[in-house]
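Inspection log for the structure reproduced underneath, given as structure tokens.
Residues take their numbers from the sequence shown, with the count starting at 1.
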Amino acid sequence: MGDSTETLDPADWDPLRVLARRIVDDAIDYTKGVRDQPVWRDMPPEVRAHFRSPAPQAGKPLEEVYDELVVNMLPFPMGNIHPRFWMWYMGASNFTGALGDFLAAILGSNLGGGDHAAAEIDKQVVNWLKEMMGYPAEASGTLVSGGSMANLIGLTVARNRMSGIDLRELGLAALKAPMRFYGSDQLHSCHRIALEALGLGNRALCRVPSDPGCRMDIAALRAAIAEDRARGINPACVIATAGTVNTGSLDDLEAIADLCAEEGLWLHVDGCIGALLAIAPESRRLVRGIARADSIALDPHKWLHAPFEVGCVLVRDAQLHHGTFTVTPEYLENAPRGIASGAWLHDLGLQTSRGFRALKVWMALKEHGVTKFGRLIEQDLAHARYLTERIEAMPDLKICFPTSINIVCFRYDPGGLPESVLKKLNTEIMVRMQETGVAAVSDTTVRGRHCLRAAINNHRTAREDLDILVDEVARHGTRLVTGIIREQC
Ligand SMILES: *Cc1c(COP(=O)(O)O)cnc(C)c1O
């Protein structure tokens with residue numbers, strides 16, 4: 001084809017082959033050597049400036065583009081693939097998953113639907129996750145960007161089902177009574193955003209007090225439902241949390257499922273943190289009852305360590321799930337055979353075009369098997385118990401909340417310091433550990449007490465990493481307190 005037609009493909013593939021091999025080699029070295037790198041480092045001004053140039057009008061060789069990234073991107077990661085990253089609640093990624101994302105991009109498929117192998121893989125991963133949760137095979141589900149979207153999808157189905165009207169057609173103005181959703185005061189913030197986006201508003205979300213263990217107080221839930229009914233409000237859905245973001249506490253799923261059955265309410269479980277405990281050999285009892293939920297949100301980019309992003313929502317009643325989102329415009333009619341003869345996967349959520357997120361999960365599950373992921377979950381729990389014991393044995397470190405799963409809340413507290421000073425002190429310890437690149441923990445406030453928080457959701461963490469954390473917190477703490485005392489004299 002000697003004409004002047006342009007394409008994004010190279011004229012000569014061989015140099016690309018060389019570069020692509022170099023990128024893969026570098027990627028393996030990078031991942032293999034991650035332990036010897038700082039968890040995080042601050043970007044110097046020239047690196048930041050590099051990312052503030054206008055859109056390139058003319059191109060340049062891909063080798064040069066990649067070289068820019070070697071200098072300006074690779075040394076400045078968020079840090080979550082490092083063995084000593086325990087901030088918030090993230091997965092640690094895995095190389096197989098990265099290859100999966102690469103292969104998915106090579107196919108370039110749109111998982112909005114169609115009859116092709118990627119669509120089969122997408123459906124299979126959802127089926128595997130149903131199996132792992134003990135959910136019935138007839139249940140429905142879909143892969144989405146993450147837990148927030150998974151919760152939004154589940155709550156949308158719940159809203160439409162529990163509204164008592166044809167909500168899709170008539171909208172919220174036709175509601176006969178205001179609807180109410182219930183979650184504990186430890187609920188993740190995405191639920192508030194979901195209820196706001198659903199048009200129900202923040203006030204439609206009742207925050208039920210939690211007990212001293214940060215678990216939803218069931219008696220308080222029962223009372224809130226009764227009070228709402230007496231006032232003409234329509235109790236619609238309980239959002240139980242299997243693993244709260246602050247402390248990892250698990251709501252009593254069996255008791256909440258019983259109450260929902262009794263009261264005729266939808267049960268949605270936010271299992272973004274803990275749902276996958278269902279595959280942990282020793283600890284699956286912690287999420288007993290999860291399969292009784294009407295919908296479950298879970299997060300393969302957390303405890304399955306898939307590279308971001310991939311979340312999943314499961315809905316027990318497949319018809320309700322479909323009925324919430326299906327629309328068939330004239331340009332998306334099914335054909336009897338061929339590419340357009342497959343199921344429309346976009347009928348299960350808000351996206352039309354969908355990425356091939358399933359492959360990275362599929363490949364890692366095939367390679368390692370579910371049982372290994374279960375063991376890795378147990379390993380994180382054992383790490384959290386070990387860290388808790390180490391902290392308890394240190395005179396100046398205190399556990400702030402009992403460790404139930406893999407989240408450890410603690411602080412440096414040598415005694416005699418007011419809350420405000422302790423908060424400043426611990427914030428400074430946290431930031432210094434990040435700035436020196438040694439370890440990354442985050443912080444939160446539980447029942448009025450500020451604390452550091454290590455969420456050990458990391459298949460690369462070893463015990464020695466936790467020893468380093470304990471030593472570093474004590475070392476920075478002692479130094480800082482000496483400084484504070486000096487200042488006061
Ligand atoms: C992480 C998390 C979410 C949100 O999930 P994303 O994947 O970050 O969107 C929701 N609920 C809980 C309990 C979480 O830990």
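- With 3.5 Å as the limit, one finds a donor-acceptor pair spanning the side chains of His450 and Asp443.
- For Asn127, the side chain to side chain donor-acceptor pair (under 3.5 Å) partners at least two apart in sequence or on another chain are Lys130.
- Residues that satisfy the ring-ring contact (aromatic ring centres under 6.0 Å, His included) test with Phe308, not counting sequence neighbours, are His301.
- Partners of His459 according to the ring-ring contact (aromatic ring centres under 6.0 Å, His included) rule, which considers only residues two or more places apart in sequence or in another chain, are His305.
- The aromatic rings of His346 and Trp344 lie tilted to each other, with the angle between the two planes from 30° to 60°.
- Residues Lys398 and Asp413 are not paired through a salt bridge, judged by the lack of any N-O separation under 4.0 Å between the basic side chain and the carboxylate.
- Because its NZ or CZ atom is both nearer than 6.0 Å to the ring centre of Tyr386 and within 45° of the ring axis, Arg463 counts as a cation-pi partner of that residue.
- A donor-acceptor pair is defined here as one N or O able to donate and one able to accept, closer than 3.5 Å; such a pair exists between the side chain of Ser163 and the backbone of Asn160.
- Both tests hold for Arg316 against Tyr135: distance to the six-membered ring centre under 6.0 Å, angle to the ring axis within 45°.
- Arg453 contributes no side-chain N or O that, together with a main-chain N or O of Met87, makes up a donor-acceptor pair within less than 3.5 Å.
- Partners of Glu389 according to the side-chain contact (heavy atoms from CB on, under 4.5 Å) rule, which considers only residues two or more places apart in sequence or in another chain, do not exist here.
- For Glu254, the side chain to side chain donor-acceptor pair (under 3.5 Å) partners two or more places apart in sequence, or in a different chain, are Arg292.
- Ion pair Glu263/Arg229 flagged as a salt bridge, since at least one NZ, NE, NH1 or NH2 atom sits closer than 4.0 Å to an Asp/Glu carboxylate oxygen.
- Test Thr244, Asn246, Thr247 against Gln186 for side chain to side chain donor-acceptor pair (under 3.5 Å) and you get one pass: Asn246.
- Considering SG of Cys237 and CZ of Arg161, their distance stands at 12.0 Å, rounded to 0.5 Å.
- Side-chain atoms of Asp122 never come within 3.5 Å of backbone atoms of Ala118 as a donor-acceptor pair (strictly under, hydrogens ignored).
- A donor-acceptor contact shorter than 3.5 Å links the side chain of Asn458 to the backbone of Phe85.
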Problem - Test side-chain hydrogen bond (donor to acceptor under 3.5 Å, both in side chains) applied to Asn406 and His383, step by step - result: CA-CA 8 Å; Asn406 58 339; His383 280 332; over 6 Å; no

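- Qualifying side chain to side chain donor-acceptor pair (under 3.5 Å) partners for His321, counting only residues two or more places apart in sequence or in other chains: Ser140.
- Of the possible donor and acceptor atoms, one in the side chain of Arg207 sits under 3.5 Å from a partner among the backbone N and O of Leu205.
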